[in-house]
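Take a look at the structure below.
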Amino acid sequence: MNLFKYGSLLALMIVVITGCNSTGTTTTPDTVSNSIFPDWYVSSGASSDSLSYSGYATAIATDSLLAIERAEEQARAHLETSIAELTEDVRNAMVDAGSSNAGQTDFIIILRTAHSKVEGAASLTNSSAKSSDGYFRGFAAVTITRSELASTLEKGFNGHPRYWGDFSSADLFEEYFK
């Protein structure tokens, strides 16, 4: 009997025992603890706090390591997409504020190249796999600190100190990446 069947049998026994409770109280199952998702997993795909940005993903494969590997790749992509949106917000605010550099094609290309490097700079912080019906569901979280992110973006502007100076001095840059 596999782990899933044992878990199902245990859950059934708990329901029967709870149903026979003589106090007459009704309990509602905790959907979070019964979820297939680990406690650390964020289903929106990305999150941030005052210190870092994180990306999350899940993937399915017939091998647990492959499931985790695929989930990690997707988590990195989710993180990069989230950062791309933020850098574009900064660039748009710069354009709205009258920056002549932020609207130039070469600035946009440099910025997009810079934020694409986030995928490789992030670290795997959590991963796990759960078996179910002959396949594995892998979960992964990758994280980059705000200081690592700012450094990664700066490296992307290498050779373009004027562009980096404009970008890194923008108000939204301070808010998002410092």
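Being a predicted model, the structure only gives us computed values, none of them experimental. Residues take their numbers from the sequence shown, with the count starting at 1.
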Check your understanding: Any Lys/Arg nitrogen of Arg76 or Glu72 sitting under 4.0 Å from an Asp/Glu carboxylate oxygen of the other?
Key -> yes
Point to revise | Test item: Gln74 and Arg70 side chains (from C-beta on) under 4.5 Å apart, heavy atoms | key: no
Practice item. Mind checking the OG-CD1 spacing from Ser123 to Ile144? Nearest 0.5 Å is all I need. Key: 7.5 Å
Check your understanding: Can you name the closest pair of heavy atoms from Ala71 and Ala59 and give their distance?
Key -> N-CB, 3.5 Å
Practice item. Would you give the length of the straight line joining atom OH of Tyr53 to atom OG1 of Thr145, rounded to the nearest 0.5 angstrom? Key: 11.0 Å
Point to revise | Within one Ile-Leu-Val-Met-Phe-Trp-Tyr cluster: Leu149 and Tyr56, side-chain cutoff 4.5 Å | key: no
Review point. Going from OH on Tyr163 to OG on Ser168, what distance comes out if it is rounded to the nearest 0.5 angstrom?
Key: 14.5 Å
**Study point:** From Ser54 atom OG to Asn126 atom CG, the distance as rounded to the nearest 0.5 Å
**Key:** 9.0 Å
Point to revise | Atom pair OG (Ser99) and CZ (Phe107), whose distance is rounded to the nearest 0.5 Å | key: 6.5 Å
Practice item. Can you label the angle between the Phe167 ring and the Phe157 ring as parallel, tilted or perpendicular, going by 30° and 60°? Key: parallel
Exercise for review: Please report the closest heavy-atom contact between Ile108 and Gly103, naming both atoms and the distance.
Suggested key: CD1-O, 4.0 Å
Point to revise | Ile36 with Ile68, same ILVMFWY side-chain cluster at under 4.5 Å | key: no
Practice item. Please test Val90 against Phe177 for side chain to side chain contact (heavy atoms under 4.5 Å, CB included), starting from the C-alpha separation and ending with a verdict. Key: CA-CA 10 Å; Val90 173; Phe177 307 121; 4.1 Å; yes
Exercise for review: Working to the nearest 0.5 Å, report the span between CG of Leu86 and CZ of Phe173.
Suggested key: 11.5 Å
Practice item. Write down the atom of Ala150, the atom of Trp164, and the distance for their closest heavy-atom approach. Key: O-CH2, 3.6 Å
Check your understanding: Does any non-hydrogen side-chain atom of Tyr176 lie less than 4.5 Å from one of Asp89?
Key -> yes
Check your understanding: Lys155 and Ser151: side chain to side chain contact (heavy atoms under 4.5 Å, CB included), yes or no, with the steps?
Key -> CA-CA 6 Å; Lys155 288 176 188 171; Ser151 176; 3.8 Å; yes
Review point. Which heavy-atom pair separates Ala67 from Ala61 by the least distance, and what is that distance?
Key: N-CB, 3.6 Å
Review point. Does a sphere of radius 6.0 Å around NZ in Lys130 hold more than 12 heavy atoms from other residues, nucleotides or ligands, not counting ones at 6.0 Å or beyond?
Key: yes
Review point. Does one hydrophobic cluster hold both Leu124 and Val118, with members joined at side-chain heavy-atom distances below 4.5 Å?
Key: yes
Practice item. Answer yes or no: does atom CG of Asp171 have more than 12 heavy-atom neighbours from other residues, nucleotides or ligands under 6.0 Å? Key: no
**Study point:** Option among Glu119, His78, His115 that satisfies the side chain to side chain contact (heavy atoms under 4.5 Å, CB included) test with Ile83
**Key:** His115
Study note, to complete from the structure: With Arg91 as partner, the option from Leu172, Leu111, Asp166 fulfilling side chain to side chain contact (heavy atoms under 4.5 Å, CB included) is Leu111
Exercise for review: Report yes or no: do Phe37 and Val42 belong to one cluster of Ile/Leu/Val/Met/Phe/Trp/Tyr joined by side chain heavy-atom distances under 4.5 Å?
Suggested key: yes
Point to revise | Minimum-distance pair of heavy atoms, taken over all atoms of Arg146 and Lys178 | key: CD-O, 3.7 Å
Review point. In terms of ring plane angle, is the pair Phe139 and Trp40 parallel, tilted or perpendicular, where the classes change at 30° and 60°?
Key: perpendicular
